[in-house]
Amino acid sequence: QVQLVESGGGLVQPGGSLRLSCAASGRAFSFLHMGWFRQAPGKERDIVAAISRSSLSIHYADSVKGRFTISRDNTKNTVYLQMNTLIPEDTAVYFCAASTSTVLPTRGTSYEHWGQGTQVTVST
């Protein structure tokens with residue numbers, strides 16, 4: 001079993017930045033692909049970014065390319081999401097997820113473990 005705990009959410013003004021962290025425990029972190037998803041009120045949960053076990057493969061949603069950066073530190077069992085130039089449309093609950101798939105998945109159904117989520121609100 002894998003436990004995931006997100007942190008770093010909050011309220012930020014448009015144009016600002018936030019850094020989300022997700023700490024994993026319970027299984028060798030280096031064997032897991034990791035992803036960040038988000039869900040806005042009344043909308044489906046969508047992928048934001050994903051990173052492979054060794055960080056060699058990375059995927060971003062088109063809406064965040066050039067603004068968000070996903071990274072991981074396998075020595076700290078942690079994955080990060082650096083979010084810059086935030087816009088109101090980025091407002092959502094952000095979830096961290098872990099997958100044991102053989103290839104880096106970009107669909108939520110391929111992730112077996114999920115965190116509780118952290119709220120990000122972009123507003124004046």
Heavy-atom closest pair, residues [X] and [Y]:
X: W114; Y: G108; result: CZ2-O, 3.4 Å
X: P105; Y: A50; result: O-CB, 3.9 Å
X: Y80; Y: S21; result: CD2-OG, 3.4 Å
X: S17; Y: N84; result: OG-OD1, 2.9 Å

key: N77 side chain near S25 side chain, heavy-atom distance below 4.5 Å   =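 In short, these two side chains do not touch, never coming nearer than 4.5 Å.
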
ask   = Taking the side chain as C-beta and beyond, is there a heavy-atom pair between L11 and S123 under 4.5 Å?
value =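 Sidechains of S123 and L11: in contact.
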
request  = Mind jotting down which residue pairs meet the disulfide (SG to SG under 2.5 Å) criterion with at least one end in residues 58-124? Sequence neighbours excluded, please.
outcome  =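 Qualifying pairs: C22-C96.
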
Separation between [atom1] of [X] and [atom2] of [Y], rounded to the nearest 0.5 Å:
X: Q3; Y: Q116; atom1: CD; atom2: CD; value: 11.0 Å
X: S99; Y: L104; atom1: OG; atom2: CG; value: 8.0 Å
X: I47; Y: R38; atom1: CD1; atom2: CZ; value: 11.5 Å
X: Y111; Y: T100; atom1: OH; atom2: OG1; value: 11.0 Å
X: R72; Y: R53; atom1: CZ; atom2: CZ; value: 9.0 Å
X: H33; Y: T106; atom1: NE2; atom2: OG1; value: 11.5 Å

task = Tell me who clusters with L18, hydrophobic residues only, linked when side chains sit under 4.5 Å apart either directly or through other members.
result =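 Besides L18, the hydrophobic cluster comprises V2, L4, V12, L20, F29, L32, M34, W36, V48, I51, I58, Y60, V64, F68, I70, V79, L81, M83, L86, Y94, V120, V122, listed by chain and residue number.
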
ask   = Looking only at side chains, do Q82 and S71 share a donor and an acceptor under 3.5 Å apart?
value =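 Absent: no donor and acceptor within the cut-off.
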
